[in-house]
Protein chains: 2
Amino acid sequence: MSVTDDELGLRERKRLATRRAIQFASVELASERGFDRVTVDEISHAANVSPRTFFNYFRSKESAIIGDLPELPDGATIERFVDAGPEEPILAGIGELMVVAIDDTDFAGEESGAEADGRGAHRLHELRRALYKDNPQLFAMRISSMHKFEDELSAVLERRLARDDPELARNLEALKQRARLIMLVAFAAMRHAWTTWASLGGVGPLASLLRSSFAELQEVARTMS
Amino acid sequence: MSVTDDELGLRERKRLATRRAIQFASVELASERGFDRVTVDEISHAANVSPRTFFNYFRSKESAIIGDLPELPDGATIERFVDAGPEEPILAGIGELMVVAIDDTDFAGEESGAEADGRGAHRLHELRRALYKDNPQLFAMRISSMHKFEDELSAVLERRLARDDPELARNLEALKQRARLIMLVAFAAMRHAWTTWASLGGVGPLASLLRSSFAELQEVARTMS
DNA sequence: TTCAATTATTGCAGCCAATGCAAACTTGCA
DNA sequence: TGCAAGTTTGCATTGGCTGCAATAATTGAA
């Protein structure tokens, strides 16, 4: 059992287990047969729940496959980024935040080694990525379901920009707009890293490609200005 | 009748009319009642076609509302962009291509003044934009259905980059990757322009905001490098 | 341990999007 | 006019998704 599980009551633990069972069944079956050749009925059956219960846990077939969304790192990491100062390249900083966010999502709930779905979590994420690769619509859905993450990142960027450039901080609207622009550019880098990863056959760590994309972005910025 | 229509046979003209009728009915009804409170049956009825015919024209309810995708300008404009030379700021150039692409899409088939659905085309686009504004999922779908446009723009960028930087042109993979990165950044600017437009209440010309966003992007690039 | 409140699961009935198929109909062309 | 090609339609069917109400499990308190 992972650490998180122990502190929860039976009810919560069961909920979590069911949630995972459904995700696992969805991804597993979709990988075997292709996304639109699996029905919710089949998934539910494989996960030992009723089809109706499936929809108690997930809004749609897609969202069961897409998995949990990334989250920003904890407070200290954020503060370090915000306070890094105008000399530190902001893009690299954002890149690191994203690397952490993605890694944390990918291995959430898998800290210890031997729980029931221990290796499952690894496998789950591999299969998911393969699905994204073969099924670009799913990736698009994942991206477009990240509004919350986008907003969070924007808010952090606002703070950083306000520190770096007190002049900009005086115009709140301008500050917000700039933060949003940089956030969107960062997401562009993320998409870039991902397509690069996919075009390389979908093997190897995404994190290092993410760093490369941010580095290239930095370089492009230099070239273009 | 618009010029384009006259050169077509009856069959083609009817097809076009049906297509427009369906789009119009979809957007109109969705604006009145909200996207998911309209059924395909209702739309079809309003457009005087059978529900089955609706799906002969559009893959899904969404795609009837989303409308036609943008297309790159004609050859001469493209060539001018490709040949502009390394001194010309590339971002501004892309921005202009996008402005043209968006304007052309928005008023396609509406060149002359007095055809049956003349004012209709204007109204159609206004309603569509309002729908995008109130219904971000639709906008996300529009964006993610632009793969073709993305690829076209990438290809054009490849040519431009190859001209500007013969060294880069020698490494085809690197060239492709860089083109794609810049394309994605340009799309980020587009999204930025759009959210700005939406946050301003959804009035006024999108084109000028698009130019602003590209200009700000230019400035950000300078700041960051 | 028992009981009542809360919360989860399930089956059922039903809506709607979307697709395949084959029959009727329209248009283009000789 | 008549035939080939393309278009519209109805019908039947699959499958995603929701509301509702009954049943079952979990919890916390007595």
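Quick note on labels: first sequence line is chain A, next is B, and so on, each numbered from 1.
- Between B:Arg15 atom CZ and D:dT9 atom C1' the separation is 14 Å, expressed in whole Å.
- Using a 4.0 Å heavy-atom criterion, one finds that A:Thr39 contacts the sugar-phosphate atoms exclusively.
- Here B:Arg180 contributes atom CZ and A:Thr196 contributes atom OG1; the two are 8.5 Å apart, rounded to the nearest 0.5 Å.
- Among the nucleotides C:dT9, D:dT8, D:dG16, the one closest to the side chain of A:Thr18 is C:dT9.
- At whole-Å resolution of the value, CG in B:Asn48 and P in D:dT9 are 9 Å apart.
- Of the possible polar contacts, one joining the A:Arg160 side chain to the A:Phe81 backbone as a donor-acceptor pair under 3.5 Å is found.
- Counting non-hydrogen atoms of neighbouring residues, nucleotides and ligands closer than 6.0 angstrom, the NZ atom of A:Lys133 exceeds 12 such neighbours.
- Look at CZ on A:Arg13: it is 15 Å from P on C:dA8, rounded to the nearest Å.
- At least one donor-acceptor pair closer than 3.5 Å links the side chain of A:His192 to the backbone N or O of B:Gln177.
- Atom CD of A:Glu42 and atom P of D:dG15 are 8 Å apart (whole Å).
- For B:Phe35 and C:dC16, the CZ to C1' distance is 12 Å, given to the nearest whole Å.
- The backbone N or O of A:Leu210 lies less than 3.5 Å from no partner atom in the side chain of A:Ser213, so there is not a single donor-acceptor pair.
- Each of B:Asn56 and A:Phe55 was matched to the nucleotide of DNA chain D holding its nearest heavy atom; the match closer to the 5' end belongs to B:Asn56.
- In this structure, A:Lys61 places its NZ atom 13 Å from P of C:dA18, rounding to the nearest Å.
- Atom CZ in A:Arg19 sits roughly 17 Å away from atom C1' in C:dT7 (whole-Å rounding).
- Remark: B:Tyr57 is not in phosphate contact with D:dT7, judged by side-chain N or O atoms under 4.0 Å from OP1 or OP2.
- A residue-by-residue look at A:Val49 and B:Arg52 shows that A:Val49 has its nearest nucleotide of DNA chain C further toward the 5' end.
- The side chain of A:Thr53 places no N or O atom within less than 4.0 Å of a non-bridging phosphate oxygen (OP1 or OP2) of C:dT9.
- Mapping B:Val38 and A:Glu12 onto DNA chain C by nearest heavy atom places A:Glu12 at the nucleotide closer to the 5' end.
- If you measure from atom CZ of A:Phe54 to atom P of D:dT18, you get 11 Å, rounded to the nearest angstrom.
- Here B:Lys14 reaches the OP1 or OP2 of C:dT27: one of its side-chain N or O atoms lies under 4.0 Å away.
- The shortest distance between the side-chain N/O atoms of A:Arg11 and the OP1/OP2 oxygens of C:dA8 is not below 4.0 Å.
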